[in-house]
Amino acid sequence: MLRRVLESLSLTDSFMWLTGGAIVAVIVVGSAATLSMGRYSGRHWFDFIIFGLAQGSIYALIALGYTMVYGILRMINFAHSEIFMSGPYTACYVAMALSRSGFLESQPILSLAVIFIVAMAVSTVIAVLLERIAYRPLRTAPRLVPLITAIGASFFLQYTFRGLYGSGFQAYPDIRMLQGAWLLGPLRILKIQVVVILAAALMMAGLYLFIQRTRIGKAIRAVSEDKEIAALMGIDVDGMIVRTFVIGGMSAGAAGVLYALMYRQVHFFMGFIPGIKAFTAAVLGGIGNIPGAMLGGVFLGLFESLGPNLFLDGLGVPSPNQLKDAIAFIMLVMVLIFRPTGILGERLAEKKA
Amino acid sequence: MKSLRLLSLVILATMLVSAACGPKAVAYEDKIGVVTIKPGEPIVIAYWFVVAGPDASLGTDTKRGIEIAIDDKGGKLLGFPIKLIGEDSACNAEGGVAAATKLAANPAIIALVGSNCSSEARPGVPILTKAGMVTVSPSNTAPFLTDPNRGPDYAGYLRTAHNDKVQGAVAAEFAYKQMKVTKAATIHDGSPYAEALQAVFAETFKKLGGTITAQEAVAPTDTDMRPVLTKIAAGKPELLYYPIFIAAGGHVTRQAKQVAGMEKVTLMGADGMFSPDFYKAAGDAAVGMYHSSPDFSAFAAGYKDFLDKHQKKYGEKPLAPFHAHAYDASMMIFAAIEKVAKKGPDGTLYIGRQALRDALFATKDFKGLTGNLTCSPSGDCADPRIAVYQTTADNVKNLVMPETPTWKPY
Amino acid sequence: MAILTARGVTKRFGGLTAVSKFDFESEENSIYSIIGPNGAGKTTFFNCVTGFYRFEEGDILFDGHSIVGLTPDRIVHMGIARTYQNIRLFANLTAIENILVGQHTHLKSGLVGAVLRLPSTVREEAAALAEARRLLNFVKLAGKGDFLAKNLPYGDQRRLEIARALATRPKLLLLDEPTAGMNPHETEEMMALVRHLRDELGITILLIEHDMRVVMGISERVTVLDYGEKIAEGTPAEIQANPKVIEAYLGRGSATEVVSQASAVQASPALA
Amino acid sequence: MEKPRFDWLQPVKIGLVGGAIGVFFALVGMVEAFSIRDIVDGIVSMGQMLMLISMTFTGYMAARRTTQPQHLWVLGSSLLAGLMFGGMVALLLIVGSLVNLRAVFINASPTLYELLAFGRGTQAGALLLLAEGVLVGVAAGLLYLLTGRFRQALVNALGWVVMAGVLQELLRITFGAWGPLAVINQWLFTGKGLSVPGAASLFVLVAGTTYFWSQTGSVLSNRLRRLPPGGQHTLRLVGILLLVLIVLALPQILGLYLSEVLTIVGVFALMGLGLNIVVGLAGMLDLGYVAFFAIGAYTMGALTSPELGFFSLSFWEALPFAVVAGVLAGVILGIPVLKMRGDYLAIVTLGFGEIVRILALSDFLRPWIGGAQGIAKIPKAIVGSIEFISPQQIYYLILVGCLLAGFISWRLKDSRLGRAWMAVREDEDVAAAMGINLVATKLLAFAGGAAFAALSGAIFASKLGSVYPHSFNVMISINVLCLIIVGGMGSITGVIVGAAALVGLPELLREFAEYRFLAYGAALVLMMLVRPAGLMPEATRRRELQEAETVEAEPEPAFGAPASP
């Protein structure tokens, strides 16, 4: 048995195991050092986790759009970050108008509903247009071609919105009912974070059920499995792809408003970084896999929030928070080395490319 | 190659001969060249700013400063129309070089305003200097650029922005002497500007006798500052100095109020986010915080006017803090041109490049929006009067900057 | 002497045992067939032999050396080549390039040689090209060398795949359903080609086949797999007579049909 | 039979889409921003030109889509489309005068309205716009009805005039640097734009040349083709010689600024050649390619800059280290991703690129590589007594780098290794079954690609004299990927063409700031829709396109027919 293991262990594998081991060692030693330093109390750790969860929920919501489009078209929809940006940026003007008129103050729930609907509608329109104009004609082209189109579309949309709304930023108005915090004994949770986490969880659960249970959801899954067979079964493939983009656009728009409610600022470049993070989250969880996207998003959020302070602070690394993205990506590599198809594994039909 | 040179030489000679037969130019001497502007031709001024990409607000802001300056001059200088051209310098070294090279190749340019980022200026300025041009930066703050030992490569460089060294030290003095704070933390965003400012702050603060509990860094595109702030809170500082820009600064300010242990910590920013837009970003959380910034009370009354014109022309408030510096840089250049330009008998204008440089370096007590500008031999023209302002609830509500400083070091 | 020996090979996928305690031996210079219903583990066994799967138990010896733990490329070096059930050519390379890739292990030139075009490299490339053309002729694809593989007709693709496998100069060639999807005429041609490979080139052939006429027509020994286990082994005639095989392979009631089909083939050599 | 009726719906649709694009141009600020510059002094500004061109295009499209060939119908469609276009813009004008659009759309400024209304107020302006639409629509229809050759000449001439107007600053500088050509400047340009006689003569010149070339050109090329083989050989030799001469003399001909553009194109082309090995040949999608560029640049900086005080090697001494550092990084990145496929690879490499940038920026490594303040005082390359300082000199350095990389890629492509890469690209498993060692082959691809990028980075560092972490963001990786795909994947000339198109062109348009990114994005999309194989597809593919017909003509064998007893 040992002979078999040794024989199958190549030079590259051993290098990988060594690197992986070294990283794990750094993490363990660093965490131990941080904890023994005693700078952070339990309350701090609780905060780190909540912050990570809130950020991660938003990543997860955006990741859904990536993962669904990937599942059905096998392409990285680079412009998804712009779908995410367009909705809340546009809805911001609605929010400001509502705020000025006092309606936001008197009818916060109704106002929020209006804001969500506007954002989701705009994001959806952009997503559908994108599919129609930029992706549909390229459905049979080599894999990299739609990727480049998506990159181009991403640029185009960014600078379109910059041209339309200006290069500065806009800020969402204060919504009184979302401000402040709840106290749980010694622990304190911001209302907005609770709202974001709950809303995201609700939306993801709804979407999951939609995909699993409804007729359209099943048809979408069939198209992801095999377009030709699905077409033979009488499924409207184009229609399902459009619906996928609609769902992706709606979830991106909603994620965008949650993001904007939490961070307030919206601008033409706001989608880029969350977009890349969300795609990372989708891959981390297992691309094409909807629960995977959720899990990946939450993991990523937690790594970003906890990682620098837990792993590196104790080692005396200066400005550890600057390295949070590096930590997130290293974690991604580690996960993929040991689970090459993500945490939950990919849900794709065997190699069709 | 040699034959090519030869060929061009022959052509050149032919041209010279033909030129000699044409009307003789009026002799006007200058060590590094003369710009000749015939009647009807424009006086060309150029900018090299970051007007595209994620940092575009900085460049757009300063570019508008120049445009308003030109409007204020009625679009004309000595009877010649002013033409503004410019290039995107992208806020990185290669963009700076590309923009500078392109502009340096245009002999019609008389003077430039730029660059925005110090990383652009460092490799870009020598190119302009070599071409005989002069550039005045409204927003470079890196100490190196006006260091007395900066070398002849930077002979064509001045700035109306203040040196990081001044501002960082003022902030530290305020914290230690005025606020009686002994423990402070800093955040920078990886930009050379913020990194240098916080370094100067930390150094001065420690020299004065204080302790720095944490020096942290974020990315300018970060939005979730709560983990960093939680970390900083664990060190129990009394003051947080974060000389970063509006977007990230807004997040830090808002979220500091939400992180346990940070509610009572005094917040202090720098001029990078001393703008009405910052109040939009930070909201009520900005009330009570401090900013180190040029002494706006020393800003001429014209600043109000400027803001009105800005609103009318562009439909929004200034995007970044350096528009007034850009306005002043342009006005300084216009004044210098007016001083050194010579008119020929046929109405042609002659501007000596060295003379223009000399005139700019000789600027003294120039009444600008940002104060009384006097240029040092190494090109520092900013009125070094940095003051500290505290934001009130009214400021945030009406999106206007505080007008009178709460503290001045002088 | 046996060129390929498998002893107790077992391959599991999770809870499913795809190949179970499989013993197998093939003599040099012969044609062997492995048959069995879909999912019997035939292709899995091929993947074990060629190093794509690591099997959990047992040993496979090739030419007296164990191949356990070797990567696919090392196994090719030893002299085993294969084709695939669903043709897997390098679709965007030309036919000639496909064959040249097959010669990879027999070419020596490295980075430096290729960049500087050393005389040895130039000679080697010229020889490789000549060899590739010869193989192309051998499988009757002369003149189609510059076509992209994906644009060749189906039968040509099958033959090109064999040519590519031959380019590795194998001692043992594994053919995974070489006549799948072919019409009777093409099937005859393929059978002739396979015989030719053995007779002229002395290559041992291991076949997976569903077409009984092929199996019975050209193989010397037949091994039958069902649910990963060997249920019978012997000459075609023995297999035909084995009721266990007939039952497992085709189910009850089909037995007579197979026998008559197989004997029909043997009875009419004109078809062969 | 029913009489065919005029299909008015189609042109109206086209006109509305075109009009929407026109309104888009107005609202994103292009019309206003471009109106500062005159194409032809005092006649037409760039902003107006933009509107005119999109209007013409709309009319033309409507004319082309007309179902019936009757001239009147064609003209009717284009007129209708033009009218719709004008109507949409007029609508914007009217809505803008009633509602304060500027509260949302920042560029809906009074100046814009004034420009759109030709300075005549809302009502008159709206009417004028409608009239303009009709006129331009009819003109577009007429253009469509012209014979092909005539149309070609007109369109070409118009294109040249517009290009000359758009690139006037550049042309003026370039001509100005060449003594005798300065005369052209005076003829062609005024202080603000093309002069009227200049524009007119350029128009006539180009139109004439195109027109006559279309007649005589084919005759000439036919005659060339009929030359004896010996003659053709000489001709080709002369052509190559000429090309070499031009390439060598380019910086002298083009002057300072364009040489700078060339060096930038060169830096990217060098990277592109490297990435072409990884993506184009070996088929591994690498989105973090900038990492190797950064490693090359930083190695150069850290080893040469006296500012850091560790080493102060010369450029040439440090260069091999930079390349080796790149190769090592390539291998180190290569190992963990060996088993990953497709998009997993993409995201992990993207992460690697970000990790490198973040580390370069970090306070953690600041003592060694400068952190946010970067590394300055990187020396220039020196050969003999020549120091490579100005872009005109650095051009040669980059040129040598590109030639070297191009040569190596070219030789490798047709070698055993190149075939192994392509086999891995096509099918990894089968490649392994052909005896290809996947580990070695993939690592070699990574290492080779990284070596070129590191070389490029090292030259880049020396060219700038300083490196800052901000120069190495993910956009560089994306840009390089785009350029090899737009150029034509796997093709070496494609990389050069792609670099010129995606790096050189935006560089020339630097003065248009953000609008060049807008155009860049739109161009990427259009390019992929129109030419998915790229501008210069790989030779085999091109050959294949020609052969495709012969293959299809062959009878398909009956396949899938089961053998029946």
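Per chain, numbering begins at 1; letters A, B, ... match sequence-line order. Bear in mind that the values here come from a model prediction, so they are computed numbers and not experimental data.
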Answer with side chain, backbone, both or neither: which region of B/S191 has an atom nearer than 4.5 Å to a non-hydrogen atom of chain D? backbone
Report which part of B/E195 has an atom under 4.5 Å of a heavy atom belonging to chain D: side chain, backbone, both, or neither. both
Taking B/A90, B/P123, B/P81, B/P192 one by one, which has the highest count of heavy-atom pairs under 4.5 Å against chain D? B/P192
What heavy-atom pair brings B/S118 and D/Y468 nearest, and what distance separates the two atoms? O-OH, 4.4 Å
For a side-chain contact (heavy atoms from CB on, under 4.5 Å) check, start with the C-alpha distance between D/E169 and B/V44, then their side-chain angles and the critical distance, and finish with the verdict. CA-CA 12 Å; D/E169 292 291 336; B/V44 183; over 6 Å; no
Chain B heavy atoms under 4.5 Å from D/L361: which part of the residue, side chain, backbone, both or neither? side chain
Heavy-atom distance under 4.5 Å to chain B: side chain of D/F460, backbone, both or neither? side chain
Pick one of side chain, backbone, both or neither for B/K313, based on which atoms fall under 4.5 Å of a heavy atom in chain D. backbone
Short side-chain to backbone donor-acceptor contact, B/K102 and D/V261, under 3.5 Å: no
From the list D/L256, D/I264, D/L258, side-chain contact (heavy atoms from CB on, under 4.5 Å) partner of B/T101 resolves to D/L256
Between D/I389 and chain B, with a heavy-atom cut-off of 4.5 Å, which part of the residue counts as in contact: side chain, backbone, both or neither? side chain
Which heavy atom of B/V97 sits nearest a heavy atom of D/E260, and at what distance? CG1-OE2, 3.3 Å
Rounded to the nearest 0.5 Å, what's the gap from CZ on B/R122 to NZ on D/K377? Could you check? 6.5 Å
Given heavy-atom pairs under 4.5 angstrom as the criterion, report whether the side chain, backbone, both or neither of D/S109 touches chain B. neither
Tell me, side chain or backbone of B/I85 under 4.5 Å from chain D's heavy atoms, or both, or neither? side chain
Contact summary for B/A105 and D/Y257, nearest pair of heavy atoms: CB-CB, 3.7 Å
So D/R516 and B/D88, do their side chains get closer than 4.5 Å, heavy atoms only? yes
In terms of heavy-atom proximity below 4.5 Å to chain B, should D/P110 be classed as side chain, backbone, both, or neither? neither
Counting heavy-atom pairs under 4.5 Å to chain D, which of B/K38, B/H188, B/E41 comes out on top? B/H188
Per-residue contact mode, B/A100 against chain D (heavy atom under 4.5 angstrom): neither
Are the side chain of D/H470 and the backbone N or O of B/G190 linked by a donor-acceptor pair below 3.5 Å? yes
Exercise: identify the closest heavy-atom pair between D/Q373 and B/A196: NE2-N, 3.5 Å
Which region of B/T60, side chain (C-beta onward) or backbone (N, CA, C, O), has a non-hydrogen atom less than 4.5 Å from a non-hydrogen atom of chain D, or is it both or neither? neither
Does CZ in D/F364 sit with more than 12 non-hydrogen atoms of other residues, nucleotides or ligands closer than 6.0 Å? no
D/I476 side, atom CD1; B/N92 side, atom CG - distance, nearest 0.5 Å: 7.5 Å
If one checks every heavy atom of B/K63 against chain D at 4.5 Å, the contacting part turns out to be neither
